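Encoded as C-alpha cells, the structure appears first; notes follow it.
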2 protein chains.
Amino acid sequence: MSNSKYMEIYEYIKKNIKNENYLPGEKIPSENQLKDFFSVSRNTVRKAIELLASDGYLSSIQGKGVFVMKKIPVTFLLSGNQSFKESSAKNRLRYSTSVPVLEAVVVDEKLSEITHFPVGELVYHLVRVREINGEKIILDENYFLKDILKGLTPEIACDSIYEFLEEKKGVKINGAQKIISVEKATELDKEYLDLNKDNVVVIVKNFAYLENGLLFEYTESHHRSDKFVFTSYAKREK
Amino acid sequence: MSNSKYMEIYEYIKKNIKNENYLPGEKIPSENQLKDFFSVSRNTVRKAIELLASDGYLSSIQGKGVFVMKKIPVTFLLSGNQSFKESSAKNRLRYSTSVPVLEAVVVDEKLSEITHFPVGELVYHLVRVREINGEKIILDENYFLKDILKGLTPEIACDSIYEFLEEKKGVKINGAQKIISVEKATELDKEYLDLNKDNVVVIVKNFAYLENGLLFEYTESHHRSDKFVFTSYAKREK
DNA sequence: GCTAATTTGTTCGTATGTATA
DNA sequence: TTATACATACGAACAAATTAG
C-alpha cells in the first residue's frame with residue numbers, strides 16, 4: 001500500500017485514531033517512543049505526524065505532546081476535492097449521470113472572463129445532470145482543456161472524468177480553488193433540475209490546476225439548495 | 001517578524017510570488033540554489049517550500065522543480081478561518097456589530113445535540129448581528145465554553161472575540177470544522193436581518209477546537225444568501 | 001536511445017533550543 | 001532543577017524522476 005516508512009507510520013496512527021485506540025483529546029505516544037517502536041529516525045516519525053496534523057487529525061504542542069483532535073461526524077460528506085462519484089459511493093446513494101451536452105468550443109472573450117482560460121484555447125464543454133435517488137439534484141457545466149482530455153467519450157463523461165484523467169492518462173492534479181455562492185436559478189437550471197418551489201441554487205465554481213500550475217478545468221456546479229452540503233476543516237493561520 | 005530561518009525563506013518566496021517576480025506556471029530557483037543563497041541546509045529550504053505548498057502557492061514535481069501555482073483573485077474574500085473583523089478589514093467595508101443577546105447558560109440535552117458540548121457544561125450564549133455598509137447581513141449565534149472566555153464584556157463581543165482569546169488570553173486555536181448548507185429563514189432571521197424577498201439563508205456551522213483538541217466554540221452563522229461568498233483551496237488527496 | 005547531470009523525495013544521525021511537567 | 005517532549009537546524013547519503021547533451 002504505502003512504499004515509504006513515513007506513510008506506514010501515518011497509516012498506523014490514523015488507524016489507531018479510527019479504532020479509538022488513540023482517543024480524542026488524549027496524547028499519542030511521544031515521538032521518541034514511536035521512533036523506537038518503528039526503528040526509524042525521529043524525522044520520519046515527525047513527517048507522519050505533520051501530515052496528520054495538516055489533515056486535522058493531530059495537533060502538536062511543544063513540551064506537552066501530540067494530541068488527537070476531535071471531529072464531529074458528518075453523515076453527508078461532500079467535501080474537499082472529491083468528485084461526484086466518489087462521494088456518492090461513500091454515502092451509498094443511487095446515482096446516475098446524463099450528459100445532454102458534449103462539444104468542443106473555442107474560448108472567446110466572454111467565456112474567457114468566466115473560465116479564466118486564455119482566449120483562443122480549445123476546450124471541451126460538457127453539461128452533466130446528476131441524479132440522486134431518482135431526483136435531478138446537480139447541474140454541472142464543465143470546461144476542460146481539450147488536449148488534456150483527448151479521447152473523452154460520453155461514456156467516460158457519465159462515469160468519472162477525474163478517474164479517467166488520473167488513472168488512464170496519468171495526469172497529476174494539485175488541487176482546486178472553490179467559490180461558493182447562492183444565486184437565482186437560471187432557465188437552464190429550471191430545465192434540467194427537479195427544483196421544488198425553490199428559486200435559488202447553490203453555485204460552486206471550481207478552478208482546478210495541474211501539478212505545474214496549469215488551469216485545466218473550470219466547472220460551475222448548480223446544486224438544488226435543499227440538498228447542498230459542504231464541509232471543510234480549516235486550520236487557523238498563525 | 002519571523003524568528004526561524006525557514007520562516008524567513010517562506011516569507012522571501014511568498015514575497016517574490018506576490019511581486020510577480022516568480023510567475024505562475026514557472027519554476028522557482030532549485031532547492032540547492034536557495035540553500036546556497038541563504039547559507040542554510042537543504043532541509044530548511046524544503047520546510048519553507050512544503051509550507052507554501054500546503055498553502056497552495058507552490059507545487060513540487062520530482063525531477064522537474066518547484067512550480068508557482070496560479071490563483072484566481074476573489075474580490076470578496078470571506079474564507080477559511082477568518083473572523084468577521086479580519087475579512088471586513090481586508091475588503092475595506094464599513095461594518096458594525098450589535099449584540100442583542102449575551103447570557104450564560106447550562107447545556108441541556110437539546111442544546112448538546114446541536115453544539116456537541118457535553119450536557120451540564122457552562123457556556124456563553126451570544127447573538128450577534130453583523131451590519132455591512134448599513135445592511136444587516138449576518139446573524140451569528142455563538143456558544144463559547146465559559147471558563148475559556150472568562151471576562152467577556154459586550155464591548156469585546158462587539159469587537160473581536162478571537163482577538164481577545166488569542167492576544168489577551170493566549171488561547172491557542174487549532175482550527176475549525178465548517179458545514180455549509182442552505183435553509184429556510186427562521187423567525188429570528190426575519191427579526192434581525194434585512195432580508196429581501198429572500199426566504200432562505202446560508203447557514204455556516206462552525207465547530208472550533210483548541211490545540212489540545214477541546215471543542216470550545218459552536219457558532220451558527222446565518223448569512224443573507226445574496227451576500228454570501230465562501231472560498232477555499234482544496235488540495236487533491238493522493 | 002543512452003548517459004550524465006540536475007532536481008526533488010526519503011531517510012538517517014546528531015546537536016541544540018524551547019516549552020512543559 | 002531536572003527530565004521529558006516537541007521545534008529547529010545541519011550535513012550526508014541514496015533513490016527516483018526528469019532533462020540535457
Side-chain angles (χ1 to χ4, degrees), chain A residues 1-13 22 25-54 57-69 166 169-172 174 210-214 235 238, chain B residues 1-13 22 25-54 57-69 166 169-172 174 210-214 235 238:
Chain A
M1 189 80 11
S2 41
N3 40 10
S4 54
K5 293 189 183 178
Y6 75 86
M7 275 308 284
E8 253 182 61
I9 302 169
Y10 172 92
E11 302 286 358
Y12 173 85
I13 298 174
Y22 298 158
E26 304 279 302
K27 288 193 286 187
I28 69 171
S30 76
E31 293 175 355
N32 278 315
Q33 283 173 300
L34 287 168
K35 150 188 114 91
D36 292 338
F37 181 70
F38 283 100
S39 304
V40 295
S41 75
R42 207 183 128 216
N43 281 335
T44 305
V45 172
R46 281 180 65 76
K47 179 139 186 178
I49 290 172
E50 274 157 26
L51 249 182
L52 285 158
S54 76
Y57 289 104
L58 295 178
S59 167
S60 298
I61 307 181
Q62 190 172 29
K64 279 188 173 177
V66 178
F67 292 80
V68 180
M69 299 298 292
E166 290 182 321
K169 298 187 76 88
V171 168
K172 282 175 187 170
N174 177 288
L210 300 182
E211 269 199 324
N212 63 0
L214 184 70
K235 296 209 76 181
K238 294 165 188 171
Chain B
M1 189 82 11
S2 42
N3 40 10
S4 55
K5 292 189 183 179
Y6 77 85
M7 275 307 286
E8 251 180 65
I9 301 168
Y10 172 92
E11 302 285 358
Y12 172 86
I13 298 173
Y22 298 159
E26 304 279 302
K27 288 193 284 187
I28 68 170
S30 76
E31 293 176 356
N32 278 316
Q33 284 173 301
L34 287 168
K35 150 189 112 88
D36 292 338
F37 182 70
F38 283 100
S39 304
V40 294
S41 74
R42 200 179 136 221
N43 280 333
T44 304
V45 171
R46 281 180 66 76
K47 178 138 187 180
I49 290 172
E50 275 157 25
L51 248 182
L52 284 157
S54 76
Y57 288 103
L58 296 177
S59 168
S60 298
I61 307 181
Q62 191 174 163
K64 280 190 170 175
V66 179
F67 293 80
V68 180
M69 300 298 293
E166 290 182 321
K169 297 185 79 86
V171 169
K172 283 175 186 170
N174 177 287
L210 299 182
E211 270 199 323
N212 62 0
L214 184 70
K235 296 210 77 181
K238 292 166 190 171

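Naming convention: chains lettered A, B, ... in sequence-line order (proteins, then strands); numbering from 1 in each chain. Quick note: numbers below take in every heavy atom, side chains included, and nothing from hydrogens, waters or symmetry partners. Since the structure is predicted, the reported quantities are computational estimates derived from the model, not experimental observations.
A straight line from CD of B:Glu211 to P of C:dA19 spans 13 Å, rounded to a whole angstrom. At whole-Å resolution of the value, CG in B:Leu51 and C1' in D:dA9 are 15 Å apart. Between B:Glu50 atom CD and D:dA7 atom P there is a gap of 15 Å when expressed in whole angstrom units. In this structure, B:Gln33 places its CD atom 13 Å from C1' of C:dT8, rounding to the nearest Å. Note: CD1 (B:Ile61) to C1' (C:dT6) measures 15 Å, nearest angstrom. The interatomic distance linking A:Asn43 (CG) with D:dA9 (C1') rounds to 10 Å, in whole Å. For B:Asn3 and D:dA9, the CG to C1' distance is 14 Å, given to the nearest whole Å. Counting to the nearest Å, the P atom of C:dT6 and the CG atom of B:Asn32 are 10 Å from each other.
Nearest approach of B:Ile9 to B:Val40, heavy atoms of both residues: CD1-CG2, 3.9 Å. A:Phe67 approaches A:Gly25 most closely through the heavy-atom pair CD2-O, 3.5 Å.
In this pair, B:Phe37 and B:Tyr12 present their aromatic rings tilted. The plane angle is within the 30 to 60° band.
Closest-nucleotide positions on DNA chain D for B:Arg42 and A:Lys172 were compared, and the one nearer the 5' end corresponds to B:Arg42. When each of B:Val66 and A:Val40 is assigned the nucleotide of DNA chain C with its nearest heavy atom, B:Val66 is the one assigned upstream, toward the 5' end.
Looking only at side-chain heavy atoms (C-beta outward), B:Leu210 and B:Lys172 stay at 4.5 Å or farther from each other.
Between B:Lys47 and the phosphate of D:dT8, there is a side-chain N or O to OP1/OP2 separation shorter than 4.0 Å. Dashed line: the shortest gap from a side-chain N or O of A:Lys5 to OP1 or OP2 of C:dC12 is under 4.0 Å. Using a 4.0 Å cut-off, some side-chain N or O of B:Thr44 falls inside it from OP1 or OP2 of D:dC10. Contact between the side-chain N/O atoms of B:Tyr6 and the OP1/OP2 oxygens of D:dA9 is not found at any separation under 4.0 Å. Checking the phosphate oxygens (OP1, OP2) of C:dG13, no side-chain nitrogen or oxygen of A:Lys35 falls inside 4.0 Å.
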Checking A:Arg46 against A:Glu50 for the salt bridge (Lys or Arg N to Asp or Glu O under 4.0 Å) test, could you report, in this order, the C-alpha distance in whole Å, the side-chain angles of both residues, the deciding distance, and whether it holds? CA-CA 6 Å; A:Arg46 281 180 65 76; A:Glu50 274 157 26; 3.8 Å; yes
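In this structure, A:Ile49 reaches neither bases nor backbone, as no heavy-atom distance under 4.0 Å exists between it and the strands shown.
Side-chain N/O atoms of A:Gln62 and base N/O atoms of C:dT18 include a donor-acceptor pair closer than 3.5 Å.
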